[in-house]
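First comes the structure, then the notes that go with it.
It should be emphasised that the depicted structure is a prediction, and the values quoted were computed from it without experimental measurement. These numbers come from the heavy atoms of this one structure, side chains and all, not from hydrogens, waters or symmetry mates. Quick note on labels: first sequence line is chain A, next is B, and so on, each numbered from 1.
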Amino acid sequence: MKKILLNNLFFFLMIFLLTSATASAAATSVCIECHGGLSGQLGEIPTAEWHTSVHAVHRVSCHDCHGGDPTDYVEAMSSDRGFIGVPDYAEVPAFCGRCHVGVEEDYRASLHGQVVEFGGPNCVSCHENHAVQVATIDLINDISCSRCHTYDKPALIKQEISDTEAMLSRLEASIASLYRVGFDTGRLQDELFSTRNNFRRLFHSVDIEKIRAETAGFDADLAETKATIDELEETLGQRKLVGGALVLLLILGGCIALLIRRTFENR
Amino acid sequence: MNPAKEAINWLDRRLGVRELLHQNLGGYLLPPNINIWYTLGAVLMAMFGLQFLTGTLLLVFYVPDTEKAFASVTMIMNEIPYGWLIRYLHVVGSNLIIVFLLAHMLSVLFMGSYKRPRELTWVSGFILFNLALVFCLTGYLLPWSQLSFWATTVATDAAGAIPIVGDQLVAFMRGGPTVNEATLGRFFALHVMGLPLVFFALVGFHLFCVRRVGISRPPFGDAYRTTEMPLSFHHEEHPDGVPFHPNYTIKDGAMVFFALALLVGITFFAPWLFIPPDALEPADPFFTPPNIKPEWYFLWAYQALKIFPNELLGLASQGIAMGFLAVLPFFDRGLERRPSHRPLFVTLYLLGILLFVGLSLWGHYS
């Protein structure tokens, strides 16, 4: 009997080893491991800010901007491994523009871009650096813009783009909902991503006439995306209708079975 | 001439099927006060049957290759007619099976039906419960999503805490130092062939035990009497009982309908309940998602491991707890089955449920 019990215990221990799960710390780059332990602007502040950023969400890590080798403690900050470090103020647009190519182009053509050498606004003036968030229309606001000039022109630009931005936000939310229930929204996401990026590079030009002229084209693109989303949402609605009917039928079937059973009891 | 009747007559003349059917259906009497908890076996059979059916259909299009697995699942969900329905029924079904298995086990524990002479029924049922968990674990990896990859990494890591053989055991389960193509192959083979074979054999044994020993009388009501353990084999008869068919099969049928309604309801309206966002991303071995957590039915174990100062101690305590539960009928040898006459057991039972729920919630929100 003891042997059987011991065998049983061993078997369940083995099964449990297979099915138990433990916590695992996220694997981080050596940049975060070292700088996360330092204090101040070279340490805990930027690493903590990065963790809250849209870059962290999209897995854009320290070395993607600052270069270097995130796998080697010794060579992490070696120029041989492409380490750049902190760019000068006027070089920030080029620093960010390695990825945000279109936005940099329109920004450089704008009044903002033309005065960056003289202390004009660069990317981080509006977007922050390590704590960079998903860009929204709220970045254009009285407090931010009034640091350098009056809010009249930014207010006009915001008014021009607000409808398109609202549509972009609605479509993003719809795509996220469809994705959550298993629809393959890859193509839609790519389309919207492209439209959004092109639209946002447009208003980095801060040219009100240009924005007015080109916004209609973006609205047309978004209307096409919306039509596809509407189709998918209709499909989802039909599924739910069928699902609801099936649930009701099954419950009805169960109730009828119980009623039939009562006739046996009465007999 | 009725063809069905003729066919039965033909079989009856050769195999005596009428007598067999009578013995196991109309002539098989169940306790008169049999309650709704006894239908969970039939519900589980139906759910497992559906898993087998939907799993077989998924096999037609699923590709067990790390480069193609996620894409094949995406194709099933979006391009194959009703593929989304088949996959969601399979995913939601696997979770509901754990719910019904837990309910089945808890009802058996509460009514003391695990006690002798039903030790083998209990042990085979308990192994089936664990096999269902292994089914879930192996199935979890197959879509090759971020959740699949990292949950499997974390789960197989746990075995590394065993002294001396831990690392070899991890490498054996994974087919290498990390979760990789070999792990997917192993888990796939186990999920679609190895486990079903053992599972069906064990279900057969479990049902044989149930039928051979007889259904236990629910330990409630004035008519209930504690019976002595017979010295030789004894089939528990219920001469005052109700026929299994049609009286009880129709009740089984009703509960199967309700369980399916729940399954269909979740499948159509809230499939995301059992599909975390990380399950929608393809596996990326170079990026660990933050706050990766096991499925809800492993959360208690996950949290328990965090409480103990070291992993081995945590694992050992869980293994001992599960092992103790497995061999409970060999320790709990008293004949009394009425919950009202077993205050110590009922107290421990309720504390156990509270511990399970508490640890799971703690694990979820931690």
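- When all heavy atoms are compared, the tightest approach of B:Ile250 to A:Arg261 is CG2-CB, 3.4 Å.
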> Please walk me through it: do A:Arg239 and B:Leu85 pass side-chain contact (heavy atoms from CB on, under 4.5 Å)?
Replying inline: CA-CA 10 Å; A:Arg239 282 183 190 176; B:Leu85 180 60; over 6 Å; no
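- Counting non-hydrogen atoms of other residues, nucleotides and ligands closer than 6.0 Å to CG of A:Leu42 gives a total of 12 or fewer.
- For chain A, the nearby parts of B:Pro246 are the backbone and the side chain; heavy atoms of each come within less than 4.5 Å.
- Of all the heavy atoms in A:Ile251 and B:Ala261, the pair that sits closest is CG1-CB, 3.8 Å.
- Of all residues in residues 251-259 of chain B, those placing a non-hydrogen atom less than 4.5 angstrom from a non-hydrogen atom of chain A are B:Lys251, B:Ala254, B:Phe257, B:Phe258.
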> Are B:Leu280 and A:Arg180 close enough, and set up right, to give a side-chain contact (heavy atoms from CB on, under 4.5 Å), and what steps lead you there?
Replying inline: CA-CA 8 Å; B:Leu280 302 170; A:Arg180 192 68 190 87; 3.7 Å; yes
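- No other option in B:Gly314, B:Pro276, B:Ala161, B:Ala270 has as many heavy-atom pairs under 4.5 Å with chain A as B:Pro276.
- Within the 4.5 angstrom heavy-atom criterion, only side-chain atoms of B:Tyr88, from C-beta onward, approach chain A.
- Side-chain N or O atoms of B:Asn78 include one that pairs as donor or acceptor with a backbone N or O of A:Asp184 at under 3.5 Å.
- Both the backbone and the side chain of B:Trp272 come within contact range of chain A, each with at least one heavy atom under 4.5 Å from a heavy atom of that chain.
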Just list the side-chain donor-acceptor pairs under 3.5 Å for residues 166-174 of chain A, sequence neighbours left out, or say none.
from: A:Ser169; atom 1: OG; to: A:Glu165; atom 2: O; distance (Å): 3.1
from: A:Glu172; atom 1: OE2; to: A:Arg196; atom 2: NH1; distance (Å): 2.6
from: A:Ser174; atom 1: OG; to: A:Arg170; atom 2: O; distance (Å): 3.1

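- Among A:Val247, A:Leu250, A:Leu246, the single residue meeting the side-chain contact (heavy atoms from CB on, under 4.5 Å) criterion with B:Leu260 is A:Leu250.
- Taking CZ of A:Phe264 as the start and OG1 of B:Thr249 as the end, the distance is 7.5 Å to the nearest 0.5 Å.
- Rounding to the nearest 0.5 Å places OG of A:Ser61 at 9.5 Å from CZ of B:Phe287.
- When all heavy atoms are compared, the tightest approach of A:Arg59 to B:Asp284 is NH1-OD2, 2.8 Å.
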